[in-house]
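Before any comments, here is the structure.
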Amino acid sequence: MSVRTRVAPSPTGTPHLGTAYIALFNKAYAEQQGGDFILRIEDSDAARSSKQSETDILDALKWLDLSWDEGPDIGGSYGPYRISERLRIYEAHANELIQSGGAFRCFCSQERLDDLRREQQRRSETPKYDGHCLALSASEIQRRMDAGESHVVRLRVPETGDCTFTDQIRGEISIPWQQIDMQVLVKSDGFPTYHLCATVDDHLMGITHILRGEEWISSCPKHVLIYDYFGWQFQELFHLPLLRNTDQSKMSKRKNPTGINYYRDRGYLPEALLNYLATMGWSMPDEREQFSYAQFTENLDLIRISPRGPVFDIEKLDWLNGCYIRDLSNDEFQTRVVSWAGNSERVEKIVSMLQERTERFDQVLPQVEYLLGDRKPIDKEDLAHTSLSEEDVLKILDFATRTLESASTWRSDEIGVALRQTAEICGYKVRDFVAPLFVALSGRKVALPLFDSIEVLGLELTRARFRSAIEILGGISNKKLKKLDKEWTTLTQT
RNA sequence: GUCCCCUUCGUCUAGUGGCCCAGGACACUGGGUUUUCAUCCCAGCAACAGGGGUUCGACUCCCCUAGGGGACGCCA
């Protein structure tokens with residue numbers, strides 16, 4: 001049987017490094033084995049998924065040269081490759097599970113579930129469904145369905161014993177069934193959840209090896225169970241370690257640039273980034289650290305993946321990227337710098353605000369220095385403001401980041417509207433509110449218009465600069481963060 | 001809190017019972033080359049989490065403890 005692997009990102013945000021990391025290993029392994037690598041879009045959460053995000057993710061993977069043999073854009077013989085286009089398949093499978101007793105309908109109200117959860121937490125138990133609707137008779141279920149009562153479909157989970165499965169990297173893993181919740185497989189709106197989609201699709205798409213993030217280990221029993229109920233052959237499992245922040249926690253955008261586009265926009269070479277990702281949890285047999293994708297594919301041995309979560313070290317990535325850049329011929333270097341800097345979309349945006357501020361061409365570069373180059377170093381004093389306390393400045397930087405993260409369209413006018421609104425609801429004058437943002441973004445007191453600059457720099461770079469400014473002010477403690485979370489929720493709800 | 005996973009220099013890692021008083025790389029420090037800087041070269045710093053076993057012998061196998069991480073959603 002030919003090897004088939006997949007990566008299944010959910011289009012709910014900007015392209016993530018973790019997706020690239022997982023995609024890299026999946027693709028390389030499939031290629032090495034003469035198999036196929038599949039891209040599937042996991043858009044089962046209709047509310048959070050967006051077409052834009054999907055496009056961005058596909059583009060980012062293409063930038064890294066992580067192309068796929070089958071996917072939503074190019075099709076393939078196991079399609080469609082978007083969850084949202086396969087709803088009938090899941091419906092049929094959910095019904096089959098209900099028939100066979102592997103799943104059941106649950107009519108419990110949100111209130112009952114909330115109460116249950118609270119009670120279980122109070123008793124320090126793992127919160128999970130108590131099986132209330134398991135006791136419903138067939139006629140009762142039929143009556144409530146006929147009455148149009150809203151309900152979900154849940155997975156039936158054994159009450160005793162352990163679920164044992166093998167992770168090829170870690171060995172045998174046993175998890176007590178007691179720990180496993182009776183997972184919702186079909187939501188009350190009729191949409192399937194991840195667990196149903198992923199298992200059904202992996203089987204139907206003939207996936208033979210699953211390489212995914214370690215965070216999925218604890219939901220393996222659910223998947224094992226679904227496969228058992230259907231009588232399907234389970235795939236070989238490989239759980240790759242989670243990329244970590246410097247403090248060892250799971251890599252997150254709050255502490256690290258996690259967006260693929262951040263690395264693209266700062267001028268990392270895709271082959272260098274890929275090479276670096278390949279050294280996370282894995283090493284060449286001869287310990288060579290600089291190697292091409294082809295060499296990686298040739299030497300990859302999944303068993304040699306280390307289960308230990310590696311810290312993503314930007315300093316080492318910088319070194320490696322430097323190696324790649326110096327290896328370029330002069331011609332290649334020129335071509336690549338120009339295509340990076342001269343990204344026509346970006347240049348167009350810059351030109352419009354630059355021209356009216358220019359008397360001689362030698363004034364052009366100094367003005368755009370912070371847009372094309374790194375921001376100048378700043379310190380606490382630069383961020384200080386006469387009518388704002390340090391606390392205010394921190395809050396402004398944090399709330400501005402949140403505002404931008406929830407922006408639906410990335411255009412300067414809309415960014416402006418959104419930021420002004422945030423300033424207003426927080427009770428700041430717009431002029432005061434934008435002052436720290438100006439410094440954080442440009443490293444200067446005088447710069448090109450703020451909202452346009454933000455548009456040009458993009459979310460990833462902007463966020464990184466705001467975050468760095470926050471760090472310069474001493475950072476935001478967990479306690480403070482919780483307070484800000486709360487305040488933000490209150491402010492944005494009203 | 002419960003369950004699961006993990007544990008070699010600050011960081012990425014080599015190491016599958018003797019080749020290891022632990023090797024490489026990044027970072028850092030010192031020196032050399034260079035009109036400066038960078039590159040490059042050389043040198044240095046620095047780790048087997050702790051405690052018990054098993055064994056002639058343990059970084060490697062087993063157990064316990066500690067620490068770190070993850071999961072516990074009608075998110076994925």
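Each chain gets a letter, A, B and so on, in the order its sequence line appears, and its residues count up from 1. Since the model is a prediction, treat every value here as computed from it, not as a measurement.
Aromatic ring pairs are classed by plane angle as parallel below 30°, tilted from 30° to 60° and perpendicular above 60°; the pair Trp232(A) and Phe230(A) is parallel. Using a 30° and 60° split on the angle between ring planes, Tyr227(A) and Phe234(A) fall in the perpendicular class, above 60°.
Distance check on atom P: rU16(B) versus rC72(B) gives 37 Å, rounded to whole Å. Distance noted for atom C1' between rA38(B) and rC19(B): 40 Å (whole Å). If you take atom C1' in rC5(B) and the same atom in rA27(B), they sit 29 Å apart, rounded to whole Å. Taking atom P in both rC37(B) and rU29(B), one finds a spacing of 15 Å when rounded to whole Å. Rounded to whole Å, the C1' atom of rA14(B) lies 13 Å from the corresponding atom of rA47(B). Comparing the same atom, C1', in rU7(B) and in rC42(B) gives a spacing of 34 Å after rounding to whole Å. The same atom, C1', is picked in rG30(B) and in rA46(B); the two are 15 Å apart, to the nearest Å. Distance check on atom P: rU13(B) versus rU8(B) gives 9 Å, rounded to whole Å.
In this model, the phosphate group of rA76(B) is approached by a side-chain N or O of Ser44(A) to a distance below 4.0 Å at OP1 or OP2. Look at Lys128(A) and you won't find any side-chain N or O under 4.0 angstrom from OP1 or OP2 of rU2(B). Between rG73(B) and Arg117(A), a contact under 4.0 Å exists linking OP1 or OP2 to a side-chain N or O. Between Thr279(A) and the phosphate of rC12(B), there is no side-chain N or O to OP1/OP2 separation shorter than 4.0 Å. Between Arg308(A) and rU8(B) there is a side-chain N or O to OP1 or OP2 distance below 4.0 Å.
Base-pair partner of rU60(B): not found among the strands shown (Watson-Crick or G-U wobble, both distances under 3.5 Å). Under the Watson-Crick or G-U wobble criterion, with both distances below 3.5 Å, rG1(B) is paired with rC72(B). If you check rU39(B) for Watson-Crick or wobble pairing at under 3.5 angstrom, you find it has no partner at all. Pairing of rA66(B), defined by two Watson-Crick or G-U wobble distances under 3.5 Å, is identified with rU7(B).
At the heavy-atom level, Ser174(A) lies under 4.0 Å from the strands shown only through sugar-phosphate atoms. Heavy atoms of Gly281(A) sit under 4.0 angstrom from primed sugar atoms or phosphate atoms, though from no base atom. Within 4.0 Å of Gln110(A), counting heavy atoms only, lies at least one base atom of the nucleic acid.
Here the side chain of Ser283(A) is nearest to one of rA14(B), rG1(B), rC26(B), namely rA14(B). If you check rA14(B), rU7(B), rC12(B) against the side chain of Arg304(A), the one that comes closest is rA14(B). Distance from the side chain of Arg48(A) is smallest to rC75(B) among rC75(B), rC26(B), rC4(B). Looking at the side chain of Arg154(A), the nearest of the listed nucleotides rG73(B), rC4(B), rC74(B) is rC74(B). Checked against rC12(B), rC75(B), rC6(B), the side chain of Val311(A) finds its nearest nucleotide in rC12(B). Side-chain proximity of Ser188(A) to rC74(B), rU11(B), rG24(B): nearest is rC74(B). Among the nucleotides rA76(B), rG23(B), rC12(B), the one closest to any side-chain atom of Glu287(A) is rG23(B). Of the candidate nucleotides rG1(B), rA76(B), rU13(B), rU13(B) has the atom nearest to the side chain of Pro310(A).
Remark: the Lys316(A) side chain and the rA25(B) base include a donor-acceptor N/O pair separated by less than 3.5 Å.
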Would you check, one step at a time, whether the test side-chain hydrogen bond (donor to acceptor under 3.5 Å, both in side chains) holds for Arg304(A) with Ser283(A)? CA-CA 8 Å; Arg304(A) 289 190 62 242; Ser283(A) 61; 3.3 Å; yes
Would you check, one step at a time, whether the test side-chain hydrogen bond (donor to acceptor under 3.5 Å, both in side chains) holds for Arg264(A) with Tyr268(A)? CA-CA 6 Å; Arg264(A) 181 197 62 195; Tyr268(A) 289 92; over 6 Å; no
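The nearest whole Å value for the distance from the CZ atom in Phe333(A) to the P atom in rA38(B) is 17 Å. If you take CD of Glu289(A) and P of rG23(B), they are 16 Å apart, rounded to a whole angstrom. Rounding to whole angstrom units, CD of residue Glu91(A) and P of rC74(B) are separated by 20 Å. Straight-line distance from the CD atom of Glu172(A) to the C1' atom of rC4(B): 14 Å, rounded to whole Å. What separates NE2 of His223(A) from P of rC72(B) is a distance of 11 Å, to the nearest Å. Between Asp115(A) atom CG and rG73(B) atom P the separation is 15 Å, expressed in whole Å. Phe238(A) has its CZ atom 17 Å from the C1' atom of rC5(B), to the nearest Å. Distance, Leu185(A) CG to rC74(B) C1': 11 Å, rounded to whole Å.
Phe25(A) has its ring centre no less than 6.0 Å from the ring centre of Tyr29(A).
No side-chain N or O of Asn275(A) forms a donor-acceptor pair with one of Tyr293(A) less than 3.5 Å apart. Between the side chains of Asp146(A) and Gln142(A), at least one donor N or O lies within less than 3.5 Å of an accepting N or O. Asp201(A) and Tyr90(A) are linked by a side-chain donor-acceptor pair at a separation below 3.5 angstrom, with hydrogens and angles left out of the test.
In terms of position along RNA chain B, the nucleotide closest to Pro176(A) lies nearer the 5' end than the nucleotide closest to the other residue of the pair Pro176(A) and Thr246(A).
Judged by the 6.0 Å and 45° rule, Arg4(A) forms a cation-pi pair with Tyr78(A). For the pair Arg154(A) and Tyr129(A), the cation-pi test (distance below 6.0 Å, angle within 45°) is passed.
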Please list each protein N or O that sits under 3.5 Å from an N or O in nucleotides 69-71 of chain B, with the distance.
from	atom 1	to	atom 2	distance (Å)
rG69(B)	O2'	Arg244(A)	NH2	3.4
rG70(B)	OP1	Lys250(A)	N	3.0
rA71(B)	OP1	Lys250(A)	NZ	3.1
rA71(B)	O4'	Ser218(A)	OG	3.0
rA71(B)	O2'	Ser218(A)	OG	3.0

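Side-chain contact between Arg40(A) and Glu42(A): present, with at least one pair of heavy atoms (C-beta onward) separated by less than 4.5 Å.
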